[in-house]
Peer 1: 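First the structure, then my questions, so here it is.
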Amino acid sequence: MVRRDIEALVQEAARRAMDAGALPHVSLPESTVERPQRPEHGDYASNIALRLARAAGTTPLALAEAIAARIPESDIVARVEVAPPGFINFRLSPAWLARQVEEVLRQGDAFARVDVGRGQRVQVEYVSANPTGPLTVAAGRGLAIGDTLANLLEATGHQVEREYYINDAGTQTETFAATLFARYRQLHGQAVEVPPGAYTGEYVIDLAREAKERFGDRFLAYAEGPCPPELHDFGMQRMLERIREDLALMGAHYDSWFSERSLYPEPYQTVMRLLEERGYVARKEGAVWFTSSALGEDKDNVLVRSNGRPTYFASDIAYHYHKFLVRGYDRVVDIWGADHQGHVPRMKAAVAALGIDPERLVIIIHQLVTLKRGGEEVRVSKRAGEIVTLREVVEEVGADACRFFFLSRAPNSHMDFDLELAARQSAENPVYYVQYAHARMAGILAHARERVPDYADGDVSLLREDVELALVRQLLRLPELVETAARKLEPHLLPYYAIDLATAFHDFYERCRVVSEDVPLSKARLKLVAATKGVLARTLGLMGMSAPDRM
RNA sequence: GCCCCAGUAGCUCAGUAGGAAGAGCGGCGGCCUCCUAAGCCGCAGGCCGAGGGUUCGAGUCCCUCCUGGGGCGCCA
C-alpha cells in the first residue's frame, strides 16, 4: 500500500535526522501521511514537521527541510518538496505508476484485500425488522450499510458472519397476531374490532384472506380467546417469507437467522442468574429491574414485567450473551435505526455487567429516512398502515440505485428520499455514471478482441499521459480506502471513490483512444482498461452492486 | 426539561485519528467522421448555523446558544 510505503520513508528520514542531531529523540507520530486535496501539493504529504517542530525547538519549515533531505531513495517517489508552512510533499514516479498496472492485473481480486483483521471473528447484524410487516425504506438503509460493512470486513481479513435477528417473541408479535385474528374473523362476517395499537395496514387483511383460504373457519372456535398459535405462527412465517423476498430483491444474503424464541429458556435463565449473582438485579413494583443507574445510566430498566414476562431488553441481553459468550465473536457490530438510539447505553451497560468488554460491541446508529413524494413528507408507520415498502422503492428505482443512494450518506446523516425525484432523476443518478464507466470498459475490451486479440505482451511503460497516470493513481487508492472504511466502519466512502474512479476513467476515455493504429500503445492501454475494469467491478461488488457489461 | 444525531455552494451531501475548502445535481457556454454523448471541457456559485475558547494552525477538539430530526414505555 503506497501510503504505508511513504510513511516508512518519512519515519526512516526522521530517525536519520535524530541520529544526525537535527531532531531530538522523541516518539514519532504513527500516522503523518495523507493525500492532499490539491494536485499541486503532490500525491502524498506528511505533516510530521508541523507536529514535531515544537519538540524539536525549531521552525516547522526548517525541520521539514531537515527531514526531507534525509528521505531514502526509492523507486516509488520521483520528487520530494518542502512547502510552507512545513509540509513534505511527495510526487510519485511516473514510471513506477505505469508499472503498477501490471501489479493490479497480477493481484486480481487480492488487490482489494488488506489483511489487517487477522481472522478476527466479527458478526454483523442488520435489518432485523419485526416479522409484523414488509420491510420499509428505513430497513433498506440498514441493509445497505450492514451488508457493505460485512463485505468490507471480509475484504480486510475478518471472519464475518451476517445475521438477522427474528423478533418472534414479545408483545408486538402478539399485537400483530391479534390483528390478524380480528381480520380473519371479520372476513368470516363477525363484527369485531381490531385490537388497540393494531397493525392497520392492508397487508394484514390480505394475509387474513390467505389464512381463510388455507384454514377455512377452523379458528372461529377460539372466538373469545387470543389468537390461536397455529394462526399466529402462520402469520409470522408468511411475513418472514415476505421479508426474505424483499432482502433477496436487494441482494442481501445472510449466514444465519437467529430466533428470539430460541433464547428461552436458555440462555435467558443463565443470563438472569448471572446478573442476579453480580448484583445488578432489583425487585420493585412487582417487576424485576436491571439496576443500570448503578452503572451510570439515567435510570433502571425492567427485565421482567410484573406479569412475569421478560421484556425485549431482557431478550436482547440474552442475545448478546449468546453472541459473545456462547458463540464467541471477537467483535459484534449491530446496525440500528435512530429510533433505537436510547437503547444503546443500557445495552452497553448490560454487556459490561456480564463481564464483556463493551468496546467489543459496536452499535452503528443510522438516522431515519424521511420519505417525500414531490416535496411532501410521507409519514411511515407499520402500525398506522401508511407504508412505503422497500419493495415498492426497489421496483421503482432498482436495487443498485437504492444501495448506492443509501450508501452515499454517512449513517449519521439524516436522509431525504423523494420518491418522485428518485424515479425521475434515475437517468442522472451517479449510479449510472459509475456503471456506465464499467460498461464502456467492457465495450472497449469487446471491440479490441477482433483487432488486438492478445495484449498480454503489452508494455505498460508506454503509459505516460497525465490522464493515464491519473487513472492509475485512482486504482491505487482502493486498498487504502478499503482499509480506512473498514477501520472506521464507514461504508459511505465507497460510493465517493467509485465516482472518482469513474471520473478518472471517463476523462481518460475522452482523451486517449485505446484501440488505434499504434498497436504497442493499444496493448498498453488495453492493460490499463482491463485493470481499471477489475478495480471498478470490485468496488461495485463491495457495495453489493452489479457491474454491467452493457447499458 | 434531559440525552443522542445533524447544520458546509441554489438542492442533496463528502471532507480518510486538527494541517493547504470538495463532489453530484441544478444554472450558463462549448465538444460526437472516432472503442457507448448515461460522456468530456469551461464558467458561475462559500463569514463551513451563531458566539467564545484550546492550538503555530479548527469545517474537524471544548463550552454556550439557535434551528431541524430521533429518543426519554412493565412497546420494539
Side-chain angles (χ1 to χ4, degrees), chain A residues 3 29-32 34-38 40-41 45 47 50-51 53-54 59-60 83-87 89 129-130 132 167 170-173 175 197 285-289 298-299 301-307 309-313 315-316 337-345 365-368 370 383 405 408-416 418 421 425-437 439-448 451 480-481 483-485 487-488 490 492-493 495-496 499-500 502-503 505-507 509-511 513-516 522 525-526 529 550-551:
Chain A
R3 183 157 45 81
E30 251 177 60
S31 177
T32 72
E34 61 183 8
R35 287 176 176 272
Q37 301 191 29
R38 296 165 57 171
E40 310 91 271
H41 299 137
N47 63 11
L50 289 154
R51 290 165 69 167
R54 183 196 291 276
T59 66
F87 290 101
N89 295 335
N130 286 351
T132 55
N167 294 101
T171 317
Q172 288 306 318
T173 65
T175 304
E285 298 157 34
V288 178
W289 298 70
D298 291 346
K299 56 189 185 61
N301 295 95
V302 173
L303 293 168
V304 186
R305 302 181 179 95
S306 46
N307 66 10
R309 310 191 47 191
T311 61
Y312 152 88
F313 181 43
S315 284
D316 239 13
D339 51 341
H340 288 67
Q341 159 264 120
H343 187 54
V344 174
I365 296 291
H366 69 260
Q367 299 303 313
L368 300 179
T370 306
R383 269 175 271 181
F405 180 78
S408 303
R409 281 122 177 97
N412 264 338
S413 283
H414 301 273
M415 200 164 95
D416 286 349
D418 193 311
L421 227 58
Q425 287 188 343
S426 61
E428 285 129 20
N429 194 307
V431 69
Y432 296 97
Y433 178 82
V434 171
Q435 289 184 322
Y436 180 58
R440 260 188 163 171
M441 294 179 224
I444 292 170
L445 295 177
H447 174 81
R451 287 151 229 255
E480 292 174 11
L481 189 104
E483 191 202 13
T484 302
R487 172 170 47 79
K488 299 177 67 175
E490 289 186 350
H492 70 279
L493 298 176
Y496 289 92
I499 290 173
D500 287 346
T503 300
F505 172 74
H506 285 311
D507 198 13
Y509 174 89
E510 294 293 334
R511 299 214 215 161
R513 175 85 199 173
V514 177
V515 180
S516 69
S522 297
R525 286 181 172 165
L526 283 167
V529 171
R550 207 171 313 189
M551 285 175 73

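Throughout, a chain's letter reflects where its sequence line sits, starting with A, and its residues are numbered from 1. All values derive from a computational prediction rather than experimental measurement.
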Peer 1: In whole angstrom, give me the gap between the P atoms of B/G46 and B/G10.
Peer 2: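 Here B/G46 and B/G10 have their P atoms 6 Å from each other.
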Peer 1: What nucleic acid atoms does A/Phe87 come within less than 4.0 Å of, heavy atoms only: base, sugar-phosphate, or nothing?
Peer 2: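 Base, at least one base atom sits under 4.0 Å.
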Peer 1: Using the P atom on both, measure B/C40 against B/C25 and round to a whole Å.
Peer 2: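 Taking atom P in both B/C40 and B/C25, they lie 8 Å apart.
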Peer 1: A/Asp339: which residues meet the side chain to side chain contact (heavy atoms under 4.5 Å, CB included) condition with it, sequence neighbours left out?
Peer 2: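 Side chain to side chain contact (heavy atoms under 4.5 Å, CB included) list for A/Asp339, sorted by chain: A/Leu368.
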Peer 1: For B/U64 and B/C72, measure between their P atoms and round to the nearest Å.
Peer 2: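 Pairwise P distance, B/U64 against B/C72, rounds to 24 Å.
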Peer 1: Can you check B/A17 for me, syn or anti if syn means within 90° of 0?
Peer 2: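 Syn.
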Peer 1: Paired with B/A23: which nucleotide, if any, by Watson-Crick or G-U wobble criteria at under 3.5 Å for both distances?
Peer 2: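 B/A23 is paired with B/U12.
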Peer 1: Closest heavy-atom contact between A/Gln172 and A/Asn130?
Peer 2: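 Looks like CB-ND2, 3.9 Å.
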Peer 1: Would you say the side chain of A/Asn89 and the base of B/A20 hold a donor-acceptor pair, judged only by whether the two atoms sit under 3.5 Å apart?
Peer 2: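 Per atom types, the contact qualifies.
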Peer 1: Check the interface with nucleotides 14-17 of chain B: list each N/O to N/O pair with the protein under 3.5 Å, or write none.
Peer 2:
from	atom 1	to	atom 2	distance (Å)
B/A14	OP1	A/Ala410	N	2.6
B/A14	OP1	A/Ser413	OG	2.5
B/A14	OP2	A/Ser413	OG	3.1
B/A14	O3'	A/His492	NE2	3.4
B/G15	OP1	A/His492	NE2	2.7

Peer 1: A/Thr171 near the nucleic acid: base, sugar-phosphate alone, or nothing, with a heavy-atom cut-off under 4.0 Å?
Peer 2: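 Sugar-phosphate contact only.
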Peer 1: Any donor-acceptor pair under 3.5 Å between the side chain of A/Gln341 and the base of B/G70?
Peer 2: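 Checked by distance alone, the answer is yes.
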Peer 1: Whom does B/C28 pair with, Watson-Crick or G-U wobble, provided both distances fall under 3.5 Å?
Peer 2: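 For B/C28, the partner nucleotide comes out as B/G42, under the 3.5 Å rule.
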Peer 1: Looking at B/A20, does its base get a donor-acceptor pair with the side chain of A/His41 below 3.5 Å?
Peer 2: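 Checked by distance alone, the answer is yes.
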Peer 1: Which whole number of Å gives the distance between the P atom of B/C63 and that of B/C5?
Peer 2: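 My reading of the P atoms in B/C63 and B/C5 gives 11 Å.
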Peer 1: Look through every strand shown and name the nucleotide pairing with B/G7 as Watson-Crick or G-U wobble, where both distances are under 3.5 Å.
Peer 2: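 Result: B/C66.
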Peer 1: Go ahead and name the base partner of B/U33; Watson-Crick or wobble counts if both distances stay under 3.5 Å, otherwise write none.
Peer 2: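 The base-pairing partner of B/U33, which may sit in any strand shown, does not exist here.
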Peer 1: Is it the case that A/Arg440 places NZ or CZ above or below the six-membered ring of A/Phe505, under 6.0 angstrom from the centre and within 45 degrees of the axis?
Peer 2: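 No, a cation-pi geometry is absent between A/Arg440 and A/Phe505.
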Peer 1: Separation of A/Asp298 atom CG from B/C2 atom P, in whole Å?
Peer 2: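 Computing the A/Asp298:CG to B/C2:P distance gives 12 Å.
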Peer 1: Would you measure the distance from the C1' atom in B/U67 across to the matching atom in B/G57 and give it in whole Å?
Peer 2: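 B/U67 and B/G57 have their C1' atoms separated by 30 Å.
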Peer 1: Could you tell me how far B/G68 sits from B/C31 if I compare only their P atoms? Round to whole Å.
Peer 2: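 Rounded to whole Å, the distance is 48 Å.
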Peer 1: Across the strands shown, which category fits A/Asn301 at heavy-atom distances under 4.0 angstrom: base, sugar-phosphate, nothing?
Peer 2: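 If one applies the 4.0 Å heavy-atom cut-off, A/Asn301 turns out to touch nothing in the nucleic acid.
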Peer 1: Here's a test of your reading of the structure: between A/Glu285 and A/Ala338, which maps to the more 5' nucleotide of RNA chain B?
Peer 2: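 Nearer the 5' end of the strand: A/Ala338.
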Peer 1: With respect to the side chain of A/Ala287, which nucleotide from B/C74, B/A23, B/C35 is positioned closest?
Peer 2: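 The closest nucleotide is B/C74.
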Peer 1: Under the 3.5 Å rule, do the base of B/G68 and the side chain of A/His414 count as making a donor-acceptor pair?
Peer 2: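 When only heavy-atom distances are counted, A/His414 does reach the base of B/G68 through a donor-acceptor pair under 3.5 Å.
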Peer 1: Between B/A37 and B/U16, how far apart are the C1' atoms? Round to whole Å, please.
Peer 2: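 Roughly 34 Å separates the two C1' atoms.
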Peer 1: Counting only Watson-Crick or G-U wobble pairs whose two distances fall under 3.5 Å, which nucleotide matches B/A17?
Peer 2: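 Pair assignment: B/A17 / none.
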Peer 1: I want to verify a distance call: between B/A76, B/C56, B/G69, whose nearest atom is closest to the A/His340 side chain?
Peer 2: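 Nucleotide nearest to A/His340's side chain: B/A76.
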Peer 1: Where the side chain of A/Thr311 is defined as all heavy atoms beyond and including C-beta, which of B/C72, B/C35, B/A76 is the nearest nucleotide?
Peer 2: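 Nearest nucleotide to the side chain: B/A76.
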Peer 1: Classify every nucleotide of nucleotides 38-46 of chain B by which part a protein heavy atom approaches to under 4.0 Å, writing B for the base, S for the sugar-phosphate alone and - for neither, in 5'-to-3' order.
Peer 2: BBSS-----
